[in-house]
J.: 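For reference, the structure I am asking about is given below.
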Amino acid sequence: MLFIGGTIAGERIGMARSYDFKGVEAGWQRVWEERKAFRVTEDASQPKYYCLVMYPYPSGKIHMGHVRNYAIGDVVARYFRMRGHNVLHPMGWDSFGLPAENAAIEHGVHPAAWTVENITYMRTQLKRMGLSYDWDREITCSDPEYYRWNQWLFLRMYEKGLAYKKPALVNWCEVCQTVLANEQVEGGRCWRDDSVVIQKELDQWFLKITAYADELLTGLDRLPGWPERVKTMQRNWIGKSVGAEVDFPMADGGPPITIFTTRQDTLYGATFMVLAPEHALAHRLARGRPEVEGFIERMRTEDRLVRTAAETEKEGVFTGAFAINPLTQEKIPIWLANFVLLEYGTGAIMSVPSHDQRDFDFARKYHLPIRLVIDPEEGTLVAADLEKAYEGEGVMVNSGPFSGLPSGEGREAITRYLEERRIGKGAVNYRLRDWGVSRQRYWGTPIPIIYCDRCGTVPVPERDLPVLLPRDVEITMKGGSPLARVEHFVNVSCPACHGPARRETDTMDTFVDSSWYFLRFCSPKEENRALDPAKVMYWMPVDQYIGGIEHAVLHLLYARFFTRVMRDLGLVSIDEPFVNLLTQGMVCKETYRCPTHGYRLPDEVDAKGRCTACGQPVEIGRIEKMSKSKKNVVDPDDLMNRYGADTARLFSLFAAPPEKDLEWSDQGVEGAFRFLNRVYRLVEGWAEELCRPVKPVSFAALTVGRALYQKAHFTIKKVTEDLDRDFHFNTAIAALMELVNSLGQFDLGSAPEEREEKRTVARFAVETLLVLLAPFAPHLAEELWQRLGHSRSIAEARWPVHSTEVIQQEEILVVVQVNGKLRSRLVLPADAEEEALRAAALKDSRVQAWLEGRQVVRVVVVPKKLVNIVTDER
RNA sequence: GCCGGGAUGGCGAAACAGGAAGACGCGACAGACUCAAAAUCUGUUGGGCCUUCGCGCCCGUGGGGGUUCGACUCCCCCUCCCGGCACCA
C-alpha cells in the first residue's frame, strides 16, 4: 500500500508518494531486536571478521558524521556476514569527558545523569538507523566496570615504570581548566574549544609512550591497510632524527656540554655554541652577569608560543664563556638564544652558520664567524659571499682528514671517530613526548594513587579497585580539581602503613578509555579480568576500523601504544590493533551568511537569497564541515522522519566515496529516496506474479530475458568487486540502480508460452537485487524479501556469486581507430581471432574512407577490445 | 620550507592493469499521463561546427612538455586547492 509523505495522508510537504518506510523500518528493527539477530560468539568453524566503528561521545544527539560513519560500518558488517564470516560489530560509549561537566555547571544536572540520558537517546537513534550491532556487548566507559580496568592498567604501567609523575611545563587550557597532552594542542590551541593554550609548571602523571617511539614508527611500515596520510601524520608526529651526540669541552676545564646534531659532517664548521635559556649550565654561566641573567629571566616569562614560533626573530646573548670545538680545538663562544629549546635533544646545539639557516641568521645578526665545510656536488661556495646557508648534501672541505668525503659517508666517519675517542656517539632523537594523562577535572577515571607522608607515593592495592568516583561533588570551573574538595574521597589511610594519607585527585585523560576499548569488546562482561585472552585471541586484531581523520595522531597513536603495552604485559599477542583503517571524509554543506546577522539557517533565507531578518542578500559561503556554529547542520532525526533510515544510509553512501568529503544535497537525498521507492513499486507490483511457480532453466536454454539475466550476473560481479576493492559503495549502488533500470524496462509479457520463463528470469533478477541491496538498505530489502515469500531474514541469505559463463558475451563490440581516433565500431564474435579482427577492421567502409591515399604502416589489435590502424603521414 | 592528498560536464561523481572520457545520480529541457499541478513514466543533455543533422567532423580530464599505435591513467616541469608538520638542531 502506498502512503503519502510516509505518514498520514494530508500531511504532504512536497514529498514523493512513498512506501510506508516508518512501518517497515520499525517492524524489522523490532524483529532484529527480538531475535537478537546480530549477537555473536566465538566460533572456530567460521572465519572471524571484526568490524569496528569509532564509538561516539554521548553529547546528546547523533550528527550526520555519525550517520555516515555508522552506515559505512554497517554495510561492511552486513556484507561480511553474508559472505559467511562470523562478524563482531559492537557499539559503546566514550562517556567520560568535559561536556558532561559543562552541562552540570550550566544546567545543574549531575554528569552521570546527563550522560545516561544522552546515551539512552542516542541508543534509540542508532537503533532507528537499523545498525546491526551486537547490543549485548555495549560498553560504557564511565561505568566503574569499565574504568576499574583503566585503573588496573595504570597500576601495571606504574609497576613497569611506564606511568610516572614529574613536574613539567605542561599545556594548560583556561577554558577547560585542565592540562592537555601535546597531541591535544593544535597550532597552539585547544583541540576541543580552540582557545589559546598556555604553559604551566605542574606535577603531572605521564605515560611513557616514548619508550615505544621507534616501534610505533617502524610498525607503520607494516600497515599497508592504512591510508598514507595517516601514516605520514604519525611519522611527522613521532619525528625521528638520526644523528649524534657530541661533547664540547669547556675552555675553563669544566664539565663538557653535550649537543645533539644530525649534521656531524659539518662539525668542523661549528664556530659557536648555543644553549637554551633554561639549560642548567646557562644559569651557572649567567652568574654575576646581569645582561645574561636578564635575558634568561625575560625568556622565562615570555609566552612560549610566541618564542617558539618560526616567525619570531632570533635573539641571543653571549655568556662570556667559551667551549672547545673537539675537532678543530678552536675556542668558540657560548651563547644563549631564544630558538634553542630545552625539550629537544640536549637543549644545546653547535652552530654551523654556513650550513644551517637558523645559525646563519644568528651569526649574521651577531657578527659571528662563518666557515664553509661542505661544497655542493656542483660548483663551489665562498663563505664571504653566502646569502643563505647551504643545507644540502655535498663534499666535506676544510675538515682535516675528512675533507673530500661525501657528506653521507662523512657523518658515519665522524660518528666512528667520536666514538673511538669517547667524545660522542651516534644518537637518535624523537619529537614525540611522553603522554601527559593527568586532568584536573571530575568526570574521568580517578588515578589510583595515594600519597602518604611516611611512605610516599603508594599505588592503590588491586583488591581496592575500582577507586570509585564519588557522586556527591560540587562541580565548578575554578579552583582545581573538583575531587580535591571531596574530603571523604581525598582522606584515606595509607595502604602500606595505615597512617593518614591523601588520594590523587586528578583524573585520567579520556583518551585512555578509547586506547583499549576495542579489546574490551571481545569480552565486555568479563568481571575478574580486563580481558579474556582466548576471546581476544579469537577476535583481534580489528579487521576493519572506520572513523574520522581527526584522530590520526590522537586516538590512533595512543591505541597502538596501549596495544604494545598490553602485549608486553602478556595480555594480548598482537602488535597492531587495526589491520585496515578507513578514514571517512567530513560531511559538509554550504553556508549562508548575512552581513549583519552572521551565519543563517536555510530557513532564515528567503527564496530570493535574502536574510529574513533584515532583507539583505546573504552570501552563499563555501562548502564547510557541518557545525552548529555555521548553521549548516542537518539533523538526522529530521532526515529519518522525512525519508527513513534506508534513505539516510543510501544517500550518505552514494554521494561520494567514503574517504572523501561528502557534500550535502537535499536533492541528492530525494534521489536516494526516489530510488528506494522505485524498487518498492517494482517489486510490490510484481510480487504476486513472481510468487507463482517458476521453472528452473539454464542460461543456455533461455529463450527470453537473456539480457536481464546477464545484467543480474554483471551486477553481482560489479557490486562484489566494488565492496572488495576499498569499499566503493557509490559505484556499487550505481550498479544496483542500473539493474533497477533494466528491470524497469523488462516486460513480463502476456504470451503464456514465454510468461513462465520470463517470470523465472525476473524472479532471479529481483532476488539478486534485494540480496545485493540488503547491506545498504536493510529494512526495505527485508520487507520485499518477505513479500517474495521468504521466511528467513535476508541478512542470513548467502551473498551470490556471478557465473562467468553467463557473463560471457557471444558478440562483442570492437572499436576501430585510425591513428588513435575512433572511426568505427564493429560487432564481432567474442572469440574472433586477431587476424579476423584485423581483416574486419580493414574491410569496414568507414575505415576505408579514412585510409584513402594513405599507407597502412601498422595495425595494433587488442583482442575483444579494439583495432588501431596506423598510417603514414597522419 | 618539508611531507601527504587533490584538480574530470551546470553539480556530486565514474573510467580497476595505458584501449569508446563522462557510468550512476542531481539539475535542466522536451514529451506522455492529468481539467491542472504534484507524483510517475519516456526521451535529450561536455563544448563547438554544418546548404550534408550523420554510425558526421573538430576540440575537450588544471597548464606546458615528453613516452606510446593509443594517455584522465606513465615520466618531467609548473599553477592552484585541501590536510599534516615546522626555529626540532
Side-chain angles (χ1 to χ4, degrees), chain A residues 2 4 12 14-18 186-187 227-237 239 241 243 259-263 266 274 307-314 337-341 343-352 356-359 361-362 391 429-431 549 552-553 651 654-657 659-672 674-675 677-678 681 718 721-722 725-726 728 730-738 740-741 744-745 813-825 845-846 857-862 864-871 874:
Chain A
L2 288 174
I4 305 293
R12 260 191 60 235
M15 207 185 289
R17 276 170 71 86
S18 151
E186 295 167 351
E228 207 48 52
R229 58 177 178 150
V230 175
K231 290 190 277 187
T232 303
M233 282 160 79
Q234 292 208 357
R235 281 190 194 104
N236 285 344
W237 190 259
S241 305
I259 60 100
F260 173 76
T261 180
T262 55
R263 292 300 300 269
T266 64
V274 187
R307 190 190 129 189
T308 57
E311 307 79 52
T312 304
E313 185 170 337
K314 288 163 192 45
N338 58 347
F339 71 95
V340 176
L341 309 172
E343 314 84 77
Y344 189 81
T346 60
I349 62 166
M350 67 173 192
S351 280
V352 185
D356 182 291
Q357 190 58 41
R358 294 159 296 179
D359 297 345
D361 294 343
F362 196 79
E391 296 185 326
N429 244 289
Y430 296 93
R431 210 186 71 96
I549 185 77
V553 282
F651 171 73
F654 178 64
E659 66 281 359
K660 284 185 70 172
D661 285 353
L662 183 156
E663 190 188 324
W664 191 263
S665 154
D666 291 333
Q667 284 100 344
V669 176
E670 289 276 354
R674 265 202 295 266
F675 169 71
N677 274 291
R678 245 185 118 191
R681 278 195 308 273
K718 174 73 176 151
E721 282 174 358
D722 284 348
R725 174 178 60 99
D726 289 338
H728 285 190
N730 54 333
T731 50
I733 292 166
L736 293 175
M737 288 172 169
E738 285 190 58
V740 171
N741 290 343
Q745 309 276 347
L813 183 75
V814 175
V815 169
V816 184
Q817 299 178 333
V818 177
N819 293 324
K821 289 196 170 162
L822 175 68
R823 296 304 180 196
S824 186
R825 306 171 177 86
S845 60
R846 304 171 53 75
V857 176
R858 189 177 160 189
V859 179
V860 180
V861 179
V862 182
K864 295 185 183 189
K865 274 248 154 83
L866 115 175
V867 178
N868 186 13
I869 299 162
V870 188
T871 68
R874 302 188 203 165

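Below, read A as the first sequence line, B as the second, and so on, with proteins coming before strands; counting in each chain starts at 1. Just so we're clear, the structure is a prediction, and the values are computed from it rather than from any experiment.
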J.: Need one value for A:E343: base, sugar-phosphate or nothing, where a base atom within 4.0 Å counts as base even if backbone is also close, heavy atoms only.
T.: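 A:E343: no heavy atom of the nucleic acid under 4.0 Å.
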J.: Please report the distance, rounded to the nearest Å, between CG in A:D722 and P in B:A14.
T.: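 My rounded result for the distance is 10 Å.
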J.: Over all strands shown, is A:E659 touching base, sugar-phosphate only, or nothing at heavy-atom distances under 4.0 angstrom?
T.: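 It contacts nothing in the nucleic acid.
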J.: Can you name the closest pair of heavy atoms from A:Y430 and A:Y344 and give their distance?
T.: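 For A:Y430 versus A:Y344, the nearest heavy atoms are O-CE1, 3.8 Å.
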J.: From the list B:A14, B:C87, B:C88, which nucleotide is the closest neighbour of the side chain of A:Y344?
T.: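 Comparing B:A14, B:C87, B:C88 against the side chain of A:Y344, the answer is B:C88.
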J.: Identify whether any heavy atom of A:R678 sits under 4.0 Å from a base atom; if not, whether one sits that close to sugar-phosphate; answer base, sugar-phosphate or nothing.
T.: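 Here A:R678 touches the backbone only, sparing every base.
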J.: If every non-hydrogen atom of A:A337 is compared with every non-hydrogen atom of A:V274, which pair is closest and at what distance?
T.: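 So the two residues come closest at CB-CG1, 3.3 Å.
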J.: Consider the side chain of A:S241, meaning its heavy atoms from C-beta on, and name the nucleotide among B:A20, B:C88, B:G5 that approaches it most closely.
T.: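 Nucleotide nearest to A:S241's side chain: B:C88.
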J.: State, yes or no, whether a side-chain contact exists between A:K718 and A:T731 at a heavy-atom distance under 4.5 Å.
T.: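 A:K718 vs A:T731: side chains touch.
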J.: Please confirm whether the shortest side-chain N or O distance from A:K821 to OP1 or OP2 of B:G19 is below 4.0 Å.
T.: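 No, outside the criterion.
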J.: Less than 4.0 angstrom between a side-chain N/O of A:R229 and OP1 or OP2 of B:G5, yes or no?
T.: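 The answer is no; no side-chain N or O of A:R229 sits under 4.0 Å from OP1 or OP2.
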J.: Distance check, C1' atoms only: B:C74 and B:U67, in whole angstrom units.
T.: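 Approximately 8 Å lies between the C1' atom of B:C74 and that of B:U67.
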J.: Please work out if A:G239 contacts a base, only the sugar-phosphate, or nothing of the nucleic acid, heavy-atom cut-off 4.0 Å.
T.: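 Since no nucleic acid heavy atom lies under 4.0 Å of A:G239, the category is nothing.
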J.: Among the candidates B:A23, B:C85, B:A13, find the nucleotide nearest to the side-chain atoms of A:N236.
T.: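 Among the listed nucleotides, the one closest to the side chain of A:N236 is B:C85.
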J.: Do the side chains of A:R678 and A:R674 get nearer than 4.5 Å, heavy atoms only?
T.: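 Result no, sub-4.5 Å side-chain heavy-atom pair not found.
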J.: Among B:C57, B:G27, B:A89, which is the nearest nucleotide to the side chain of A:Q667?
T.: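 Closest nucleotide among those given: B:G27.
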J.: From the set B:G4, B:C85, B:G19, return the single nucleotide nearest to any side-chain atom of A:W237.
T.: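 The closest nucleotide is B:C85.
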J.: So which heavy atom on A:M350 is nearest to which on A:T261, and how close?
T.: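 It is CE-OG1, 3.7 Å.
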J.: Would you tell me if any nitrogen or oxygen in the side chain of A:R725 comes within less than 4.0 Å of OP1 or OP2 on B:A15?
T.: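 A:R725 to B:A15 OP1/OP2: side-chain N or O found under 4.0 Å.
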J.: Of the options B:G70, B:C3, B:A23, whose atoms approach the side-chain atoms of A:E738 most closely?
T.: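 Of all the options, the side chain of A:E738 is nearest to B:A23.
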J.: When you measure from the side chain of A:F260, which nucleotide among B:G19, B:G56, B:A89 comes out closest?
T.: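 Looking only at side-chain atoms, A:F260 lies closest to B:A89.
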J.: Expressed in angstrom and rounded to an integer, what is the separation of A:I259 atom CD1 from B:A89 atom P?
T.: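 Value for this atom pair: 12 Å.
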J.: Under 4.0 Å, heavy atoms only, any strand: does A:P227 hit a base, just the sugar-phosphate, or nothing?
T.: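 The residue A:P227 makes no contact with any strand.
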J.: Looking only at atom P, what distance separates B:C69 and B:A15, rounded to whole Å?
T.: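 That atom pair is separated by 28 Å.
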J.: Check every strand shown and say whether A:T312 touches a base, only sugar-phosphate, or nothing at a heavy-atom separation below 4.0 Å.
T.: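 Base contact - A:T312 has a heavy atom under 4.0 Å of at least one base atom.
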J.: Pick base, sugar-phosphate or nothing for A:K231, based on heavy-atom distances below 4.0 Å to the nucleic acid.
T.: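 A:K231: no heavy atom of the nucleic acid under 4.0 Å.
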J.: Taking atom P in both B:C75 and B:U68, compute the distance separating them and give it to the nearest angstrom.
T.: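 So the two P atoms sit 16 Å from each other.
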J.: If I pick the C1' atom on B:G1 and the same atom on B:G60, what distance separates them, to the nearest angstrom?
T.: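 The same atom, C1', in both gives a distance of 37 Å.
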J.: On a whole-Å scale, what distance lies between the C1' atoms belonging to B:C82 and B:G31?
T.: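 44 Å, rounded to whole Å.
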J.: So, is B:G5 syn or anti if syn means the angle is within 90° of 0?
T.: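 Anti, since the glycosidic angle lies more than 90° from 0.
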J.: Output yes when at least one side-chain N/O atom of A:R674 is less than 4.0 Å from OP1 or OP2 of B:A39, else no.
T.: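 So the side-chain polar atoms of A:R674 never come under 4.0 Å of the phosphate oxygens OP1 or OP2 of B:A39.
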J.: Side-chain N or O of A:R431 versus OP1/OP2 of B:A86: is the shortest distance under 4.0 Å?
T.: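 Affirmative; the distance criterion is met.
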J.: Please report the shortest heavy-atom distance between A:N819 and A:V870, naming the atom on each side.
T.: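 Smallest heavy-atom distance, with atoms named: OD1-CA, 3.3 Å.
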J.: Expressed as a whole number of Å, how far does the C1' atom of B:C72 sit from that of B:A20?
T.: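 It comes out at 14 Å once rounded to the nearest Å.
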J.: Rounded to whole angstroms, how far apart are NE2 on A:H728 and P on B:A14?
T.: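 Going from NE2 in A:H728 over to P in B:A14 covers 7 Å.
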J.: With the side chain counted from C-beta on, respond yes when A:D359 and A:I349 share a heavy-atom pair under 4.5 Å apart, and no when they do not.
T.: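 A:D359 reaches A:I349 side chain to side chain.
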J.: Starting from Watson-Crick (N1-N3 plus N6-O4 or O6-N4) and G-U wobble pairs under 3.5 Å, report the runs of at least three that RNA chain B belongs to.
T.: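 In RNA chain B, stems of three or more pairs: B:1-7 with B:79-85, B:10-12 with B:24-26, B:27-32 with B:40-45, B:46-49 with B:56-59, B:62-66 with B:74-78.
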J.: Name the residue closer to the 5' end of RNA chain B, choosing between A:L866 and A:V860 according to the nucleotide with the nearest heavy atom.
T.: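 Closer to the 5' end of RNA chain B: A:L866.
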J.: Centre of A:F339's six-membered ring, under 6.0 Å away, within 45 degrees of the axis: is that where NZ or CZ of A:K314 sits?
T.: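 Yes - A:K314 lies over the ring of A:F339, closer than 6.0 Å to its centre and within 45° of its axis.
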J.: Is there a side-chain contact between A:N741 and the phosphate of B:A23, meaning an N or O under 4.0 Å from OP1 or OP2?
T.: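 Answer no for this pair, as no side-chain N or O of A:N741 is under 4.0 Å from OP1 or OP2.
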J.: Let me know the distance between CD1 of A:I733 and P of B:A23, rounded to the nearest Å.
T.: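 Spelled out: CD1 on A:I733 to P on B:A23 is 18 Å.
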J.: Need one value for A:K864: base, sugar-phosphate or nothing, where a base atom within 4.0 Å counts as base even if backbone is also close, heavy atoms only.
T.: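 Nothing, no heavy atom under 4.0 Å.
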J.: Taking only the side-chain nitrogens and oxygens of A:N730, find out if one of them lies under 4.0 Å from OP1 or OP2 of B:A14.
T.: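 Looking at the OP1 and OP2 atoms of B:A14, one of them is under 4.0 Å from a side-chain N or O of A:N730.
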J.: Measure across A:S665 and A:G668 and return the closest heavy-atom pair with its distance rounded to 0.1 Å.
T.: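 Nearest heavy atoms, A:S665 then A:G668: OG-N, 2.8 Å.
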J.: Indicate yes or no: does A:E391 engage A:R358 in a salt bridge with an N to O separation below 4.0 Å.
T.: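 Salt bridge absent between A:E391 and A:R358.
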J.: Could you please name the option among B:C24, B:U42, B:C3 that lies closest to any side-chain atom of A:Q745?
T.: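 Taking heavy atoms from C-beta onward, the closest nucleotide is B:U42.
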J.: Specify the separation, in whole Å, of atom CG of A:N819 and atom P of B:C57.
T.: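 So the two atoms are 14 Å apart, to the nearest Å.
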J.: So what does A:L813 hit on the nucleic acid, given a heavy-atom distance under 4.0 Å: a base, only sugar-phosphate, or nothing?
T.: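 Result for A:L813 = base.
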J.: If only side-chain N and O atoms count, and only distance matters, is there a donor-acceptor pair under 3.5 Å linking A:Q745 with A:N741?
T.: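 No, A:Q745 and A:N741 have no side-chain donor paired with an acceptor closer than 3.5 Å.
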J.: Between B:G66 and B:U73, how far is it from one C1' atom to the other, in whole Å?
T.: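 That atom pair is separated by 15 Å.
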J.: Output the rounded distance in Å from CZ (A:F654) to C1' (B:G12).
T.: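 After rounding, the gap between these two atoms is 8 Å.
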J.: If we take the P atom in both B:G64 and B:U8, what is their distance in whole Å?
T.: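 Each nucleotide's P atom is 16 Å from the other's.
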J.: Roughly, in whole Å, what's the span from CG in A:L662 to C1' in B:C26?
T.: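 To the nearest whole Å, that distance equals 13 Å.
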J.: Does A:V340 reach a base, just sugar-phosphate, or nothing at all? Heavy atoms under 4.0 Å.
T.: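 It contacts base atoms.
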J.: If you check the A:T262 side chain, which of B:C16, B:C24, B:A89 turns out closest?
T.: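 Nearest listed nucleotide: B:A89.
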J.: Looking only at heavy atoms, what is the nearest atom pair of A:N338 and A:E313, with distance?
T.: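 Residues A:N338 and A:E313, closest heavy atoms: ND2-O, 2.9 Å.
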J.: Over how many whole Å does the gap from A:N868 atom CG to B:G70 atom C1' extend?
T.: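 Result: 6 Å.
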J.: Does a side-chain N or O from A:R358 land closer than 4.0 Å to OP1 or OP2 of B:C88, or not?
T.: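 Answer is yes, contact under 4.0 Å.
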J.: If you pin A:K660 and A:E228 to their nearest nucleotides in RNA chain B, which one's is more 5'?
T.: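 Nearer the 5' end of the strand: A:E228.
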